[in-house]
Number of protein chains: 2
Amino acid sequence: MDIDKPYLLFLGDVKDQLAAKTAHGIVDWRPDWCVGQLRLPGCAADCGLPDMDIAQAKAKGARTLVVGVVNPGGVLADAWVDTLVRALEAGLDVATGLHKRLSSFPAVAAAAAKHGRKLHDVRFPDRDFATGQGTKRPGLRVLTVGTDCAVGKKYTALALEKELRQRGWKADFRATGQTGILISGRGVALDAVVSDFVAGAAEWLTPANDSDHWDVVEGQGSLFHPSFAGVTLGLLHGAQPDAFIVCHEPTRTRMRGVKHPLPSIQDVIDRTVLEGRLTNPAIQCTGIAINTEHLGEDEARSLLEATGRAHGLPCVDPLRTGAGPLADALASRFPRG
Amino acid sequence: MDIDKPYLLFLGDVKDQLAAKTAHGIVDWRPDWCVGQLRLPGCAADCGLPDMDIAQAKAKGARTLVVGVVNPGGVLADAWVDTLVRALEAGLDVATGLHKRLSSFPAVAAAAAKHGRKLHDVRFPDRDFATGQGTKRPGLRVLTVGTDCAVGKKYTALALEKELRQRGWKADFRATGQTGILISGRGVALDAVVSDFVAGAAEWLTPANDSDHWDVVEGQGSLFHPSFAGVTLGLLHGAQPDAFIVCHEPTRTRMRGVKHPLPSIQDVIDRTVLEGRLTNPAIQCTGIAINTEHLGEDEARSLLEATGRAHGLPCVDPLRTGAGPLADALASRFPRG
């Protein structure tokens, strides 16, 4: 799916900043795509964008109203439906990552049909995929993998795309989850794809490209997560990465949502090479990204340094120390013809 | 889904035996569930059951008309719809493994609603699943895994269930694909489950049970198949097998549908142990099943003997030599309290 830009970010009437995580992600990574924010009375979230109504956003060029908040239960509050209908009437498309399809709200569906606007349910794939073929494609691909879910794979990939582009390289972030899709305006939520087609969807998402073009692919789950390792493996086989970066959150003691202990970074390197070789025999680990947000500056710096030394790899916190060394490693290991 | 027995097998007007593969599988494994076959004029398939019409089948106690054939494209021929409607009118349920839902045929949907009958689209899960938890459950589980797709995983599991039951053990075949569901009357088509929920669906399919009860789980795909390995891994993690049997087809030179070479039996043993340990640290390979249908008797016997000796494991063709040695291995490795 391709979502028209720029966006008006809808924050509803949520009661805290955390509920606006998706909107914050979009503002962090695509500030130039955001004309403003629309908040209902009582909203406690704030993305730091100018507040505006639909008419003002339309005048500023907004093409899509993006629901940038999550509700308890992930459903669309009845009180929000009216805003969405008015956006559609004004000629905007609407995009959400919620669990329930926009078209399941009769007023929203009717307004979209009447005004010829698009509804983007980014959690649901908008097309069918073939099964994966495992055939090598031209172009370069780097995948973020993790010791667990929610350890910074999306942010690492976005930071690396930004760094590569600043260096003048051809690079595209490839979103595999709902927030990544809203941030990049396109992608496939792999966790919602029917299992037989996960590898095929990953192949579709990272098609043949120029020999010096990098797809920077957002990873999902972990090969060591008992709930989601199958999704991780299908993505690894379909993306057939030349390079991968291991992402890690050092304060976590159990894998997210289950009782399993975390694997070591080396475990993840070894298993990813072992499994990834099936579709790319030359796969290699090129760096480590650690989310150090819960550590002090000194502790963070010394952990990054020690981890990098232990593995003989560049090790960064993309948000604290930048993605430069990750890009340097790609430059030196994959020299441009 | 639970499909009421016995069945009337509908063979339509297909032009050869191969198109009736599902019906043949049901007759091979569940002859006592089949009251007869219903064939339209021009049908070239024959399952060896008495031919009968719907009224005769109803009189014989049939509860469900099972579409036991596949069409090119996997759709339901218009000419067949009339038979299905008449079956529903007569008080039978209808089950198919086709790609298109029965309810998408208006006449079928209307007849089912009017007469209060069930429509079983076994390719589509009829419930939602939780994500997998990876927590050890009581009960014993044996999974068939493969060097490739379509190498005999389903038949091996069915033969082993039959052997265990003949010995008086508690054992249940657990179907993970459409044909297996029609053969066993229940199960989940894992390849049609949304990827995030594959491990959870496998957990649901093989729930906590008596400590001397065997779930004999039908495997899917192969950890070495670039299209489907993610499904295979999700099933392995969710089923958390105590034992597994490697299934192999010795005349195959490439993995089905792709260009990849086949892994060795030892590769499959090693990788299955490595990955399976995540949810069952005691996982072990207990046997090998080789589909020797394309080999002569002498060649088959010597291949089975040599392969078993090379791996130090019982090695059988369940259809040629029986599943006895596979059951013997479970008996000796998992002695009953």
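Within every chain, numbering begins at 1; the chains are lettered A, B, ... in the order of the sequence lines, protein sequences first and strands thereafter.
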Are the side chain of A/His237 and the backbone N or O of B/Ala229 linked by a donor-acceptor pair below 3.5 Å?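 It does not hold such a pair.
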On a heavy-atom basis, which atom in [X] and which in [Y] lie closest, and how many Å separate them?
| X | Y | answer |
| --- | --- | --- |
| A/Pro226 | B/Gly134 | CB-CA, 4.0 Å |
| A/Leu278 | B/His260 | O-NE2, 2.9 Å |
| A/Thr131 | B/Ser227 | CB-CB, 4.3 Å |
| A/Ser195 | B/Ala192 | OG-N, 4.3 Å |

Does [atom1] belonging to [X] count more than 12 external heavy atoms closer than 6.0 Å?
| X | atom1 | value |
| --- | --- | --- |
| B/Lys136 | NZ | yes |
| A/Asp126 | CG | yes |
| A/Asp128 | CG | no |

Check A/Val193, A/Asp191, A/Val198 against B/Asp196 for a side-chain contact (heavy atoms from CB on, under 4.5 Å) and give me the one that passes.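 The single option meeting the side-chain contact (heavy atoms from CB on, under 4.5 Å) with B/Asp196 is A/Asp191.
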Side chain / backbone / both / neither for B/Leu235 at chain A, heavy atoms under 4.5 Å: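 Neither part.
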Between B/Glu275 and chain A, which part of the residue has a heavy atom less than 4.5 Å away: side chain, backbone, both or neither?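 Both parts, heavy atoms under 4.5 Å.
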Taking every heavy-atom pair that is under 4.5 Å apart, which of B/Gln133, B/Arg271, B/Gln220 has the most such pairs with chain A?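 Top count of heavy-atom pairs under 4.5 Å with chain A: B/Arg271.
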Considering only heavy atoms and a distance below 4.5 Å, find which of B/Val258, B/Leu274, B/Leu190, B/Thr135 pairs most often with chain A.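 Top count of heavy-atom pairs under 4.5 Å with chain A: B/Leu274.
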